[in-house]
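Everything below concerns the one structure shown next.
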Amino acid sequence: MAIAVLAARWGLGGLLIVSGALKAGHAAELAAAIAGFRLLPAAVVGPMAVALPYLEIFLGLYLVAGLFTRAAAWVAVVQFVAYAGAIASAVVRHIPANCGCFGPQDAAPADWLHVAFDLGLALVALCIALYAPGALAVDRRFRQAS
Amino acid sequence: MTQRQLGILTVAILVVIVIGSVVYYAFRGSHALASASQAPVVGKAALGQRAPQFVIPTTQGLFDLDATTKPVFLEIFATWCPHCQRETTTIDKLYDEYKSRVDFVAVSGSDTAMDHLSPASQNDVIQWVDAFHVNYPVAYDPTENVANLYLQGGFPTLVVIGKDKNVSYIDSGEISYDELKTAIDRAL
């Protein structure tokens, strides 16, 4: 089980790091994608588009390292459930999901497949949260020390 | 470093990221970021309904929807939009084939220029026409009135209006030549 949690941590953490790195420095594109879901006001979308990539990288690093694993995993659960909810709301409201431009770059298409994908990632994060910290985790060092 | 110290450092880093982002957006955010943060427009134009009237000067003369007797092919575009840039080839092909039977007009609908940074301008639209070898009539709309009437949430938005002035086709995205040709043929 410890090895399985380690694999899940590295997989999910790695995904978050890569995802965040790809979006970092492209705030306008990310803002357009978020705004396309018509859920948040512009005053929130802008700062969120700036912060989100770095928060994802930060979260990914903590999961990979196994630091504050349970807390990081629960944050990931909330994040992926929120993503799934946002995409589902776009599908239900028939917000155009096509290859056109929602902003200065493409938006992720809103379809049920992406909802399922994000819910799957939330499930992985939930397993990590329940069976944290897993092998090779910094948290284990703190447990041993205490 | 103890677990407690790491916890404090974690919270501190998170606070810096969040506050830094708010400050960056408020004081250093680009025009493109502010513009992109707005929810995309969905206009009142709808399939089967009367097309909203508009009049606009184009690169080939004044276009008045009410005055035309032919079907109309309308595009709402943004010069920064890579899909709009690619779609120019498709629309040029359609224009060559149908220009004697259909009125074509492309109207700008964004306040951001091709460089993603500067505000939109007449000059930016003319540069876009030159850069992508656009042959059909193009209009710069500083008020974005036409976009507000016709946009379907993204660029490009492509509309076919029949001789009866009803919208016979409307969609957004990089639409294929075949689909647009079918839509135009249906309106003729």
Side-chain angles (χ1 to χ4, degrees), chain A residues 20 24 26-59 61-62 65 67-68 71-72 75 90 93-107 109-110 138-139 141-146, chain B residues 1-4 6-7 9-11 13-14 16-26 28-42 76-78 80-87 109-110 112-117 151-158 171-176:
Chain A
H26 299 282
E29 290 86 337
L30 183 55
I34 297 170
F37 288 98
R38 304 171 181 281
L39 289 171
L40 298 169
V44 173
V45 169
M48 180 183 280
V50 176
L52 193 61
Y54 302 102
L55 292 174
E56 281 191 351
I57 292 170
F58 194 62
L59 184 63
L61 287 170
Y62 271 52
L67 179 58
F68 301 123
V75 169
R93 286 179 293 152
H94 303 291
I95 286 174
N98 51 50
C99 53
C101 293
F102 288 86
Q105 203 30 283
D106 284 338
V138 174
D139 286 344
R141 290 193 166 206
F142 289 128
R143 275 192 197 171
Q144 285 162 6
S146 62
Chain B
M1 196 179 273
T2 66
Q3 193 174 28
R4 182 183 156 78
L6 268 174
L9 182 62
T10 299
V11 172
I13 291 172
L14 287 172
V16 165
I17 291 175
V18 171
I19 292 178
S21 301
V22 172
V23 169
Y24 176 86
Y25 178 74
R28 303 266 306 173
S30 67
H31 181 270
L33 176 56
S35 176
S37 300
Q38 305 287 333
V41 170
V42 176
I76 309 296
F77 71 95
W80 49 256
C81 164
H83 296 284
C84 304
Q85 293 165 358
R86 283 197 291 271
E87 196 76 6
S110 170
T112 302
M114 223 178 338
D115 63 3
H116 293 208
L117 296 171
L151 260 184
Q152 296 296 295
F155 297 109
T157 287
L158 300 164
D171 203 352
S172 69
E174 198 170 334
I175 313 288
S176 70

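Letters A, B, ... mirror the listed sequences (proteins, then strands); counts begin at 1. Note: hydrogens, waters and symmetry copies are ignored here, and every other heavy atom, side chains too, is used. These numbers come from a predicted model, not from an experiment.
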>> Can you tell me which portion of A/Phe58 sits under 4.5 Å from chain B's heavy atoms? Options are side chain, backbone, both or neither.
In response: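 The answer is the side chain of A/Phe58.
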> A/Leu39 versus chain B, heavy atoms under 4.5 Å apart: side chain, backbone, both or neither?
Replying inline: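 Answer is neither: A/Leu39 stays 4.5 Å or more from chain B.
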>> If I measure from the heavy atoms of chain A, does B/Thr157 come under 4.5 Å with its side chain, its backbone, both, or neither?
In response: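 Contact with chain A: none, neither part.
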> Side chain, backbone, both or neither: which part of B/Leu6 has an atom under 4.5 Å from a heavy atom of chain A?
Replying inline: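 Both the backbone and the side chain of B/Leu6 come within 4.5 Å of chain A.
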> Can you check whether B/Ile175 reaches B/Glu87 side chain to side chain, under 4.5 Å on heavy atoms?
Replying inline: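 In short, these two side chains touch, coming nearer than 4.5 Å.
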> Hey, are the side chains of A/Leu55 and B/Leu14 touching, using non-hydrogen atoms and a 4.5 Å cut-off?
Replying inline: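 When only atoms from C-beta onward are counted, B/Leu14 and A/Leu55 do touch, with a gap below 4.5 Å.
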> Relative to each other, are the rings of A/Phe68 and A/Tyr62 parallel, tilted or perpendicular (30° and 60° limits)?
Replying inline: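 Because their plane-to-plane angle is under 30°, the rings of A/Phe68 and A/Tyr62 count as parallel.
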>> Restricting to non-hydrogen atoms, name the atom on A/Leu40 and the atom on A/Val45 that form the minimum distance, rounded to 0.1 Å.
In response: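 It is O-CG2, 3.6 Å.
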